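None of these values were measured; they are calculated from a predicted model.
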Amino acid sequence: MTTLTPHSTRSAVLTVAEVIEETADARSIVFDVPEEIASRFGEYRPGQFLTVRIPSDRTGSVARCYSLSSSPFSDPRPKVTVKRTAEGYGSNWLCDKVTAGSEIEVLPPSGVFTPHDLDSPLLLLAAGSGITPIMSILKAALEKGTAPIVVVYANRGENDVIFAAELRTLAAAHARRLTVIHWLESVQGLPTADALSALVAPFSGHSAFMCGPAPFMDAVHTALSAAGFPHDHVHAEVFTSLSGDPFDDPDLEAPTDEETADAATVSVELDGTVHELSWPRSKTLVDIMLAAGLDVPYSCREGECGSCACTVVDGTVQMDNVGALDQEDIDDGYILGCQARPTSDALTIEF
């Protein structure tokens with residue numbers, strides 16, 4: 001029986017089954033998921049993350065997103081991996097305070113950093129703790145796919161390599177499909193765009209997934225572009241600290257008569273089902289979908305996590321914040337549902 005009380009109708013309190021020391025600065029936290037909530041918290045897509053509520057003496061709590069490093073197909077329990085950062089309140093609390101038996105409040109798995117096709121060739125690029133969602137994708141693709149996979153993993157030194165033993169085991173077990181390339185700053189220096197471009201050029205037919213610190217991501221973006229990777233084959237995971245509290249249930253006020261009179265109409269495809277909704281121009285897409293009782297993917301509602309990214313097939317919107325999207329994403333028609341308000345009378349949107 002849990003002693004914590006969830007702060008949201010969407011959240012749940014999970015018990016920690018095990019804490020694994022991966023390196024001197026990184027811990028994996030394995031969760032028990034009760035059968036009654038297994039469909040919401042035990043089922044996830046490779047590359048997704050959990051939003052964790054961490055107690056704080058100053059603010060009551062802070063919310064942080066941590067990637068699932070487990071595979072939904074081969075690991076019996078979901079697992080997040082956390083690397084301690086010098087000024088990171090959340091990472092230090094999780095690394096110092098959490099033990100087997102601890103209770104942690106989390107939101108359901110979320111995020112769009114996940115392959116649509118696990119049977120296509122993959123180029124997975126990570127630096128430091130960016131290996132966590134990459135490991136989830138890697139294990140899932142090895143389990144369910146047949147195509148070749150290349151992992152490029154950058155770290156400061158050999159002792160900083162998270163999942164070193166597991167990567168060796170996977171590479172040995174899947175020698176014909178999996179190539180793991182380690183880049184150690186202590187040996188090779190910082191990974192530059194030029195050096196990475198030469199490294200990834202032979203794999204330009206692969207779908208690329210990248211996660212890591214901003215300088216690494218910038219270098220990888222430049223390298224992939226120089227190597228001729230199409231934009232729609234490049235996927236990046238970027239986390240920022242959430243400034244609001246995603247564990248607060250949204251206050252969904254009913255639209256006024258004036259708002260309803262000037263509302264747009266929107267056809268939204270979600271999980272293969274099309275929903276026809278009225279969309280007042282003062283409301284966000286996430287707001288109207290929640291008000292309609294739809295299980296729309298979202299986490300922060302601030303434009304920071306990218307969980308609610310979707311595509312405008314027809315129509316136009318304006319967004320208050322495009323933080324989780326780059327200009328190429330916007331040019332391709334992607335929007336953030338939690339920031340989007342309609343500027344045309346009729347829209348078609350796909351999640």
Side-chain angles (χ1 to χ4, degrees), residues 45-49 67 110-127 130-131 133-134 136-138 140-141 145 147-154 179 181 183 191-240 269 285 297 303-319 321-340 347-351:
R45 297 194 301 275
Q48 290 193 306
F49 61 85
S67 293
S110 191
V112 294
F113 184 69
T114 181
H116 293 294
D117 180 11
L118 290 172
D119 204 23
S120 64
L122 296 175
L123 172 63
L124 308 177
L125 304 110
I131 192 65
I134 294 299
S136 178
I137 293 170
L138 170 62
I149 305 170
V150 178
V151 176
V152 178
Y153 186 19
T179 302
I181 302 170
W183 185 294
T192 65
D194 286 344
L196 288 171
S197 179
L199 184 64
V200 303
F203 313 113
S204 58
H206 292 44
S207 292
F209 288 78
M210 70 180 86
C211 186
F216 174 78
M217 300 282 270
D218 290 342
V220 172
H221 268 295
T222 302
L224 294 176
S225 178
F229 280 73
H231 169 65
D232 59 356
H233 284 195
V234 177
H235 312 273
E237 179 69 305
V238 180
F239 288 122
T240 58
E269 182 177 339
L285 179 61
E304 296 175 348
C305 71
S307 299
C308 60
C310 50
T311 305
V312 177
V313 178
D314 190 32
T316 58
V317 304
Q318 64 180 13
M319 289 186 286
N321 177 20
V322 299
L325 301 177
D326 59 32
Q327 188 57 50
E328 290 178 320
D329 293 326
I330 296 169
D331 292 343
D332 287 344
Y334 286 99
I335 64 169
L336 298 174
C338 72
Q339 300 295 306
L347 301 97
T348 301
I349 290 175
E350 294 178 352
F351 277 85

S.K.: Do the side chain of Ser136 and the main chain of Pro46 share a donor and acceptor less than 3.5 angstrom apart?
M.R.: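 No; judged by distance alone, with no hydrogens or angles, the pair does not exist.
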
S.K.: Would you give the length of the straight line joining atom CG of Leu325 to atom CD1 of Ile330, rounded to the nearest 0.5 angstrom?
M.R.: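 Reported value, rounded in 0.5 Å steps: 5.5 Å.
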
S.K.: Determine the minimum heavy-atom distance between Leu118 and Pro115, stating which atoms define it.
M.R.: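 Closest approach of Leu118 to Pro115: CD2-CG, 4.0 Å.
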
S.K.: List, one per line, each side-chain donor-acceptor pair under 3.5 Å for residues 305-317, sequence neighbours excluded.
M.R.:
unit_1: Ser307; atom_1: OG; unit_2: Ser110; atom_2: OG; d: 2.8
unit_1: Thr316; atom_1: OG1; unit_2: Thr343; atom_2: OG1; d: 2.7

S.K.: Can you name the ring-ring contact (aromatic ring centres under 6.0 Å, His included) partners of Phe49, sequence neighbours left out?
M.R.: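 Listed in chain order: Phe239.
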
S.K.: List for me each residue that meets side chain to side chain contact (heavy atoms under 4.5 Å, CB included) alongside Ser204, sequence neighbours excluded, and say none if there are none.
M.R.: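 For Ser204 the side chain to side chain contact (heavy atoms under 4.5 Å, CB included) partners, ignoring immediate neighbours, are Phe229.
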
S.K.: Kindly write out the residues that satisfy side chain to side chain contact (heavy atoms under 4.5 Å, CB included) with His206, not counting sequence neighbours, or none if the list is empty.
M.R.: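 Side chain to side chain contact (heavy atoms under 4.5 Å, CB included) check on His206 returns Pro121, Leu123, Pro148, Val150, Phe203.
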
S.K.: For the pair Ser207 (side chain) and Leu122 (backbone), establish whether a donor and an acceptor sit closer than 3.5 Å, ignoring hydrogens and angles.
M.R.: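 Pair absent, no side-chain N/O of Ser207 close to backbone of Leu122.
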
S.K.: What are the two closest heavy atoms between Ile149 and Ala141, and how far apart are they?
M.R.: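 Looks like CD1-CB, 3.6 Å.
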
S.K.: Might you point out which heavy atoms bring Ala227 and Ala201 nearest each other, and give the distance in Å?
M.R.: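 The answer is CB-CA, 4.0 Å.
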
S.K.: Measure up the His235 and Phe209 rings against each other and bin them: parallel (under 30°), tilted (30 to 60°), perpendicular (over 60°).
M.R.: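 Plane angle under 30°, so parallel.
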
S.K.: Mark yes or no for whether Ser225, through its side chain, and His221, through its backbone, hold a donor-acceptor pair below 3.5 Å.
M.R.: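 No; judged by distance alone, with no hydrogens or angles, the pair does not exist.
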
S.K.: Can you name the closest pair of heavy atoms from Met217 and Ala236 and give their distance?
M.R.: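 For Met217 versus Ala236, the nearest heavy atoms are CE-CB, 3.7 Å.
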
S.K.: What residues, two or more places apart in sequence or in another chain, satisfy side chain to side chain donor-acceptor pair (under 3.5 Å) together with Asp117?
M.R.: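 For Asp117 there are no side chain to side chain donor-acceptor pair (under 3.5 Å) partners, ignoring immediate neighbours.
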
S.K.: Quick one: list whatever passes side chain to side chain contact (heavy atoms under 4.5 Å, CB included) with Pro191, sequence neighbours left out.
M.R.: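 Partners of Pro191 by the side chain to side chain contact (heavy atoms under 4.5 Å, CB included) criterion, ordered by chain and then number, come out as Ala154, Trp183, Leu196, Phe216.
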
S.K.: Quick one: CD on Glu304 to CG on Asn321, what's the gap to the nearest 0.5 Å?
M.R.: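 Reported value, rounded in 0.5 Å steps: 7.0 Å.
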
S.K.: Would you say the side chain of Asp329 lies within less than 4.5 Å of the side chain of His231, judging by non-hydrogen atoms?
M.R.: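 Yes, their side chains come closer than 4.5 Å.
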
S.K.: Using 0.5 Å steps for rounding, measure from the CD1 atom of Ile131 to the CG atom of Leu125.
M.R.: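 With rounding to 0.5 Å, CD1 (Ile131) is 9.5 Å from CG (Leu125).
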
